[in-house]
*Asks:* 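Sending over a structure as C-alpha cells; questions will come in a sec.
Not measured: the values here are computed from a predicted model. A, B, ... follow the sequence lines: proteins, then strands. Residue 1 opens every chain.
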Number of protein chains: 2
Amino acid sequence: MSARKTFGTQPCSIARTLDVVGDWWTLLVLRDVFRGAHRFDELKSGLGIATNVLTVRLKRLTDAGILERRAYQEHPPRFEYTVTAKGRDLYPVLIALLQWGDRYMRDESDPSDAPPRVVVHDTCGHAIQPAFSCPHCRSEVSAQNARTVARADLPRELRNARSARAPRRNA
Amino acid sequence: MSARKTFGTQPCSIARTLDVVGDWWTLLVLRDVFRGAHRFDELKSGLGIATNVLTVRLKRLTDAGILERRAYQEHPPRFEYTVTAKGRDLYPVLIALLQWGDRYMRDESDPSDAPPRVVVHDTCGHAIQPAFSCPHCRSEVSAQNARTVARADLPRELRNARSARAPRRNA
DNA sequence: GCGGTCAGTTGCAAAAAGCAACTCACCGTC
DNA sequence: GACGGTGAGTTGCTTTTTGCAACTGACCGC
C-alpha cells in the first residue's frame with residue numbers, strides 16, 4: 001500500500017526526528033546549507049540530486065520549520081534557503097555522523113583518503129573532535145557508560161534532567 | 001533507472017555514513033538493539049516493520065560490521081543480533097537525534113507528552129542531557145560557534161585534531 | 001499429531017527516486 | 001531585438017523500494 005510508514009506517532013523522540021530527517025537526502029541537503037549553499041541550483045549541482053526530489057525535500061524542510069525560504073529578489077522571483085534556530089540545533093546530528101564516518105568509513109588502502117573536513121571551534125580557534133560529555137561530571141558519554149531508560153523507571157530523586165525544555169531562541 | 005543513489009563514493013564522512021545508516025528504518029533497528037531487542041521477532045513486533053525489510057536491514061548492518069549475527073541455538077537454528085564496537089560508536093548519533101526530538105518534536109498541546117526516555121550516565125548515576133563539548137576548552141559546541149572547514153584550508157599549526165584514528169577496540 | 005514459535009521467503013500493489021526533457025521569466029549582449 | 005544563459009522549478013516515464021499478506025520449514029510442548 002504505502003511506500004513509507006510514518007514514525008511520527010511513536011512516543012519516541014528518535015523515531016519522531018527520523019520521521020522528518022531520516023531519509024537518504026535530507027541530512028545531506030542540510031549539510032550543504034550549513035556549508036553555505038543557499039540556492040536551489042547550488043544545492044542541485046553540489047549534491048547531484050534530481051530537481052524534483054530536491055523540490056520535495058526543501059518543501060518538507062521548510063514546512064517542518066528547519067529551513068526558511070526567502071525571496072532575495074522579486075523579478076524574476078528567486079529564493080534562498082537558510083537554517084532556522086530549529087535547523088541549527090540539528091548540527092550535533094551531523095557532527096555525530098561526521099565523526100563516525102571519519103573513524104570507520106575511510107578507505108584504509110588509500111593513504112590519501114584523509115577526512116577532508118575538520119570541525120573548527122571558533123571559541124578557542126582550534127580544530128577539534130567534539131565529544132558528548134556529561135554536564136554533571138564532565139566525563140565522556142558513550143554507549144559503554146550510558147543507556148536510556150523509561151522515565152517512569154527512574155527513581156524520583158534522579159529525574160533531574162529537564163529534558164526538552166521549550167525551544168531556545170539563541171545558543 | 002536506480003531508485004537510490006550511492007553516497008559512498010563522495011569524499012565526505014557524513015555522506016558515507018548516511019550511505020550505510022541513512023534510511024528510514026536502519027537507525028530505528030539500531031535503537032531497539034541498543035535497548036535490548038536482539039532477536040528477529042522482537043525487532044519485528046517492536047518496530048512494526050515488514051519482515052522482508054527487516055531481513056534486508058539486518059543483512060546490510062551485519063555486512064557493514066555494525067551488527068553481529070550469532071546463533072544462540074542450533075536446532076532449530078536461531079540467531080541473535082548484537083552491536084559490535086563499530087555499532088556501539090553510533091550511539092552519539094542516536095543521542096543527537098533523541099535530544100533534538102525531545103526539544104522540537106513533542107506535542108505541545110498534550111501536557112502528558114513528556115519524553116519517555118532519558119539518558120542515564122552510569123559513571124555518575126544521574127539522568128543527564130549530554131552535549132557536544134570541545135575537548136580543548138571544554139565549552140559547548142554548536143552550529144553557532146563551530147563550523148567545518150576543508151582540512152587544506154587550515155593553517156598547518158592548527159591541524160592538531162587527529163581526526164579518524166584507527167578503529168579503537170574498546171572505549 | 002496439532003498448534004505455536006522463530007526466522008525468515010515469495011508475490012503483488014503502491015509510493016518514492018532517478019533521469020531527461022520542458023517551461024517560464026527574466027538578463028546580458030551582439 | 002533575437003539569442004543564449006540562468007534560476008527555480010514541473011511533467012512524464014521507468015526502476016526500486018516498501019508495505020502487506022500469505023506461505024515455508026524446522027522444531028517444541030502437550
*Asks:* To the nearest Å, how far apart are A:Phe7 CZ and D:dT18 P?
*Replies:* 10 Å
*Asks:* Roughly how many Å is it from CG in A:Leu58 to C1' in D:dT10, rounded to a whole number?
*Replies:* 15 Å
*Asks:* If you assign each of B:Asp41 and A:Arg60 to its closest nucleotide in DNA chain C, which residue comes earlier from the 5' end?
*Replies:* B:Asp41
*Asks:* Less than 4.0 angstrom between a side-chain N/O of B:Arg57 and OP1 or OP2 of D:dT18, yes or no?
*Replies:*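 For D:dT18, OP1 or OP2 has a side-chain N or O of B:Arg57 closer than 4.0 Å.
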*Asks:* Would you check if there is a donor-acceptor pair between the side chains of B:Tyr72 and B:Arg78 at a distance under 3.5 Å?
*Replies:*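 Their side chains do not contain a donor-acceptor pair, so the 3.5 Å distance test is not met.
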*Asks:* Ignoring hydrogens and geometry beyond distance, is the side chain of B:Thr55 in donor-acceptor contact with the base of C:dT9 at under 3.5 Å?
*Replies:*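 Side chain to base: no pair below 3.5 Å.
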*Asks:* Return the orientation label for the A:Phe7 and B:Trp25 ring planes: parallel under 30°, perpendicular over 60°, tilted otherwise.
*Replies:*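 Correct class here is perpendicular.
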*Asks:* Mapping A:Arg78 and A:Asn52 to their closest nucleotides on DNA chain D, which lands nearer the 5' end?
*Replies:* A:Arg78
*Asks:* Using only modelled atom types and a 3.5 angstrom limit, is any donor from either the side chain of A:Arg39 or the base of D:dG7 paired with an acceptor on the other?
*Replies:* no
*Asks:* Using a heavy-atom distance cut-off of less than 4.0 Å, which residues of residues 18-36 of chain A contact DNA chain D?
*Replies:*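 Close to the strand, none.
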*Asks:* With no hydrogens and no angle check, just 3.5 Å: does a side-chain donor-acceptor pair link B:Ser139 and A:Thr123?
*Replies:*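 No, because no side-chain N or O of B:Ser139 sits under 3.5 Å from a partner of the opposite role on A:Thr123.
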*Asks:* Between B:Gln73 (CD) and C:dG8 (P), how many Å, whole number?
*Replies:* 12 Å
*Asks:* Picking from D:dG19, C:dT9, C:dA7, which would you name as closest to the side chain of B:Ala50?
*Replies:*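 That would be D:dG19.
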*Asks:* Between B:Lys44 (NZ) and D:dA22 (P), how many Å, whole number?
*Replies:*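 About 13 Å, once rounded to whole Å.
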*Asks:* Using whole Å, what does the distance between atom P of nucleotide C:dA16 and atom CG of A:Leu54 come to?
*Replies:*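 These atoms are roughly 17 Å apart.
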*Asks:* Rounded off to whole Å, could you give me the CD1-to-C1' distance for the B:Ile49 and C:dC6 pair?
*Replies:* 17 Å
*Asks:* What is the distance, rounded to the nearest whole Å, between atom CD of B:Glu42 and atom P of C:dA7?
*Replies:*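 The answer, rounded to whole Å, is 8 Å.
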*Asks:* Side-chain contact test, heavy atoms from C-beta onward, threshold under 4.5 Å: evaluate it for A:Val33 versus A:Leu61 and give yes or no.
*Replies:*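 SC-SC contact between A:Val33 and A:Leu61 ruled out.
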*Asks:* Would you kindly say whether B:Asn52 and B:Thr55 are connected by a side-chain donor-acceptor distance under 3.5 Å?
*Replies:* no
*Asks:* If the cut-off is 4.0 Å, is B:Arg69 near the phosphate of C:dG8, judged by side-chain N/O to OP1 or OP2?
*Replies:* yes
*Asks:* Could you check whether any side-chain N or O of A:Thr17 sits under 3.5 Å from a backbone N or O of B:Leu97, counting only pairs where one atom can act as donor and the other as acceptor?
*Replies:* yes
*Asks:* Taking only side-chain nitrogens and oxygens of B:Tyr81, does any of them come within less than 4.0 Å of OP1 or OP2 of C:dG8?
*Replies:* yes
*Asks:* Tell me the interatomic distance from B:Glu74, atom CD, to C:dA7, atom C1', rounded to whole angstroms.
*Replies:*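 Computing the B:Glu74:CD to C:dA7:C1' distance gives 15 Å.
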*Asks:* If you check every side-chain atom of B:Pro76, which of D:dC27, D:dA8, C:dG8 has the closest atom?
*Replies:* D:dC27
*Asks:* So which of A:Arg69, A:Glu68, A:Arg70 actually passes side chain to side chain donor-acceptor pair (under 3.5 Å) with A:Tyr81?
*Replies:*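 Among A:Arg69, A:Glu68, A:Arg70, the one that satisfies the side chain to side chain donor-acceptor pair (under 3.5 Å) with A:Tyr81 is A:Arg69.
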